[in-house]
Amino acid sequence: EYERRMAELRESKEELEKAIQSYEFILSCLSEESRRIIEKDFLYKDKKDWWVLYYSRSTYYRLKTRAMEEILYYFNCLERS
C-alpha cells in the first residue's frame, strides 16, 4: 500500500510540475500587455480597479479580451502537441 501511494504521489507531482512549466511557458509567450492583465486579474488578484492607472475603461476591456484570446490560443496549441 505504501509503495503504491508513493508512486501515485510521484506521478501527481510530475503532472503538477508539467502543468506549471506549461503555464510559465505560455506566460512567457504572451505580449507584455496580455501578461500584465492575466497576472493582475487572475493570478495575483490585485485590486479590482488596478487598471485605471494604465488604461481607459474601453482600452482595458479590449486588451482583457485580447489577453484571454491570446492565452487560450497558446493553451490550445499545447493541447495539440
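In this text the structure is predicted, and so the values were computed from the model without any measurement.
- Within a 6.0 Å radius of OH in Tyr73, other residues, nucleotides and ligands contribute 12 heavy atoms or fewer.
- Within the 4.5 Å cutoff, side-chain heavy atoms of Glu39 are placed close to those of Leu27.
- Considering every non-hydrogen atom in both Ser22 and Leu78, the closest pair reads CB-CD1, 3.6 Å.
- Cluster annotation: Ile37 and Trp51 are assigned to the same hydrophobic cluster (Ile/Leu/Val/Met/Phe/Trp/Tyr, side-chain heavy-atom contacts under 4.5 Å, transitive).
- Under the 4.5 Å side-chain contact rule for hydrophobic residues, Tyr61 and Leu72 do not share a cluster.
- A side-chain N or O of Tyr60 and one of Asp41 form a donor-acceptor pair less than 3.5 Å apart.
- To the nearest 0.5 Å, the span separating OH on Tyr74 from OG on Ser34 amounts to 9.0 Å.
- Between Arg5 and Glu8 there is a salt bridge, with a side-chain nitrogen of the basic residue lying less than 4.0 Å from a carboxylate oxygen of the acidic one.
- Across Arg35 and Leu30, no two heavy atoms sit closer than the pair NH1-O, 3.0 Å.
- In this structure, the side chains of Thr59 and Arg62 come closer than 4.5 Å at one or more pairs of heavy atoms.
- Connection of Met68 to Tyr44 is established within a shared hydrophobic cluster, with ILVMFWY side chains joined at heavy-atom distances below 4.5 Å, either directly or through further cluster members.
- The distance from atom CZ of Arg36 to atom CH2 of Trp50, rounded to the nearest 0.5 Å, is 6.5 Å.
- Taken to the nearest 0.5 Å, the CD1 atom of Ile20 stands 7.0 Å off from the CD atom of Glu17.
- Note: Phe42 CZ to Ile71 CD1 = 8.5 Å, rounded to the nearest 0.5 Å.
- Atom CD1 of Ile26 and atom CD of Glu70 lie 11.0 Å apart (nearest 0.5 Å).
- Under the 4.0 Å criterion applied to side-chain N and carboxylate O atoms, Arg4 and Glu1 are assigned as salt-bridge partners.
- Rounding to the nearest 0.5 Å gives a distance of 14.0 Å between NZ of Lys64 and NZ of Lys40.
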